[in-house]
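Worksheet: the structure to be examined is printed underneath.
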Amino acid sequence: MDHFGGRKPLGYLVLCLFAAGIAVFVINCVSIFPVYENRDAYFLPRMIMKALINLLWVAAAALGVKYYPTKRNRMMLPALILFMVGDTGTLISFPLGGVFYAVGHIFMLIAIVETTYIRKWQMVFLAAGIAVTVMLPLVFLDNWLLSFAAIAYGLVVTTVMAFSLSNRFFWLAGIIFYVSDVAGFIRVALMDINYVYIITTVIYYVSFFMLCVSVYSTNRKEVVTVSDLLRMTGDSRSEGVSFWVCGKWALGLIRGDRNYAYDHIDLAYDIDHVDEFLAWIAHAGYERKHRYAKGIRSYYSEKYGELKIFPCLFRQDGSAMLTNEKGHQLELDEGFFEEISVFGRKIPCIAPGGQELIYDAAGNDR
């Protein structure tokens, strides 16, 4: 109910939509899937029930996107719609349904890339998957045009699966979709094996249901880690922008908490260079969450997490005046500023207690 801001009727409506889709799916599995004596007679009922399942679940997901319009969710909705259309389209024409599936996977891939770190081991996994994807059609298919289509489709699906593995909202659905598509390839090759059809259809709907439900996940980068901080400072330096880490993060760095993580990071910026700093904020992909008085703002990034920025006015004598979240102005002399060494990188910090705290807390670890 928190997802809808306390609107209980809307929350119950979504639950009913998901439950109705599950009920139709169960009825479809029990009453229609096992019937193969006269397929033509059951073609229309099967198509109607499959379309109804998709429609109910996508409607529930659409309500989630409407009331929780994050970047990932906005990109996922077209993917869900295309999967729904493709699922119905395969009952009419396999190539037509495959095209819709492929485009849906592309939208899902964009959603993953926009909200997920792509790591080196995923690239290795992707390379291995591509090799298998290219070899299978060439070995099992004689038609070169069909082989080309299978390879193109397989590359899209394999890329989605490989990139989804490090995203906790996508990885299981990505694997299941991949298994479903591989099993679907087997099903096309072995059309008369009834249990393959049942298994692959169940696998597909499990993954499709998970994707529809995923729009109700928290979908937030909940912590800012040291690696986030190092990437952030590296990016800002490449853009010629400087800032100072302050608050709990600064204290943690000074005390040597190299692997610690906080729910957000506090940064102080020079108000004489506010335009350059805000330009870097936009460059780094931050989106503003709240705006406080006195120039204090809160931002959120899928890549770096939550950020709060605080204006700092520097004077010619080296002292500065920092405005905190409550609007109070704190006088800082030059002893409050120090660069802390973290994994060989210098991180500018504002020490909560000034130079004395830096030396007492950091010791020889700086």
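This one's a predicted model, so the numbers in the text were calculated from it and none came from an experiment.
Distance CD1/Ile309 to CG/Asp266: 11.0 Å, rounded to 0.5 Å. A distance of 10.5 Å separates NE2 in His105 from CG in Leu82, rounded to the nearest 0.5 Å. Considering OH of Tyr304 and CD1 of Ile281, their distance stands at 10.5 Å, rounded to 0.5 Å. To the nearest 0.5 Å, atom CZ of residue Phe163 and atom CE of residue Met123 are 4.5 Å apart. The OH atom of Tyr269 lies 6.0 Å from the CZ atom of Arg297; values are rounded to the nearest 0.5 Å. Here Leu313 contributes atom CG and Asp272 contributes atom CG; the two are 6.5 Å apart, rounded to the nearest 0.5 Å.
A continuous path of ILVMFWY side-chain contacts below 4.5 Å connects Val245 to Met321, so both sit in one hydrophobic cluster. One hydrophobic cluster holds both Leu126 and Trp121 under the rule that ILVMFWY side chains link at heavy-atom gaps under 4.5 Å. Residues Leu307 and Val274 fall within the same hydrophobic cluster, defined by Ile, Leu, Val, Met, Phe, Trp and Tyr side chains chained together at heavy-atom separations under 4.5 Å. Linking ILVMFWY residues whenever their side-chain heavy atoms come closer than 4.5 Å, directly or via other members, places Leu253 and Phe343 in the same cluster. In the hydrophobic cluster analysis, where Ile, Leu, Val, Met, Phe, Trp and Tyr join through side-chain heavy atoms closer than 4.5 angstrom, Leu55 is grouped together with Ile27.
The minimum heavy-atom distance linking Val156 with Ala102 is given by the pair CG1-O, 3.8 Å. Closest non-hydrogen pair, Ile151 versus Val134, comes out as CD1-O, 3.9 Å. When every heavy atom of Gly64 is checked against every heavy atom of Tyr216, the shortest pair comes out as N-OH, 3.1 Å. In terms of heavy-atom proximity, Met76 sits nearest to Leu211 at CE-CD2, 3.9 Å. Taking both residues in full, the closest heavy atoms of Ser298 and Glu306 are given as OG-OE2, 3.5 Å, listed atom of the first, atom of the second, then distance. Nearest heavy atoms, Gly104 versus Ala79: O-CB, 3.4 Å.
Proximity of Val103 to Phe100: side-chain heavy atoms (C-beta onward) are nowhere separated by under 4.5 Å. Put simply, the side chain of Val241 does not reach to within 4.5 Å of the side chain of His283, judged on heavy atoms. Considering only heavy atoms from C-beta on, Ile22 comes within 4.5 Å of Phe209 through its side chain. Annotation: side chain of Tyr300 is not in contact with side chain of Tyr286 (no heavy-atom distance under 4.5 Å).
No more than 12 heavy-atom neighbours from other residues, nucleotides or ligands sit within 6.0 angstrom of CZ on Phe107. Heavy-atom contacts from other residues, nucleotides or ligands closer than 6.0 Å to CZ of Phe125 number 12 or fewer. A 6.0 Å sphere centred on CG of Asn143 holds more than 12 heavy atoms belonging to other residues, nucleotides or ligands.
Between Phe25 and Phe208, the distance separating the two ring centers is not shorter than 6.0 angstrom.
Side-chain atoms of Gln122 come within 3.5 Å of backbone N or O of Ala162 as a donor-acceptor pair. A side-chain donor-acceptor contact under 3.5 Å links Thr133 to the backbone of Gly129. Remark: the backbone N or O of Val65 is not paired with any side-chain donor or acceptor of Asn73 at under 3.5 angstrom.
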- [ ] Given side-chain contact (heavy atoms from CB on, under 4.5 Å), test Phe337 with Ile350 step by step and report yes or no.
- [x] CA-CA 5 Å; Phe337 299 88; Ile350 297 179; 3.6 Å; yes
Using the side-chain contact (heavy atoms from CB on, under 4.5 Å) rule, take Trp244 and Cys312 through it: C-alpha gap first, then chi angles, then the decisive distance, then the call. CA-CA 10 Å; Trp244 293 263; Cys312 194; 5.8 Å; no
| said: Does Leu63 form a side-chain contact (heavy atoms from CB on, under 4.5 Å) with Leu17? I'd like the steps, not just the answer. | reply: CA-CA 10 Å; Leu63 287 174; Leu17 289 172; 4.1 Å; yes
Walk me through whether Cys212 and Leu80 qualify under side-chain contact (heavy atoms from CB on, under 4.5 Å). CA-CA 7 Å; Cys212 290; Leu80 294 176; 4.0 Å; yes
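Looking only at atom types and distance, the side chain of Asp235 has a donor-acceptor partner in the side chain of Trp280 under 3.5 Å away.
When the options Ile81, Asp87, Val24 are evaluated for a side chain to side chain contact (heavy atoms under 4.5 Å, CB included) with Asn54, the one that passes is Asp87.
Grouped with Phe148 in a hydrophobic cluster is no other residue, since no side-chain heavy-atom contact under 4.5 Å to another Ile, Leu, Val, Met, Phe, Trp or Tyr is found.
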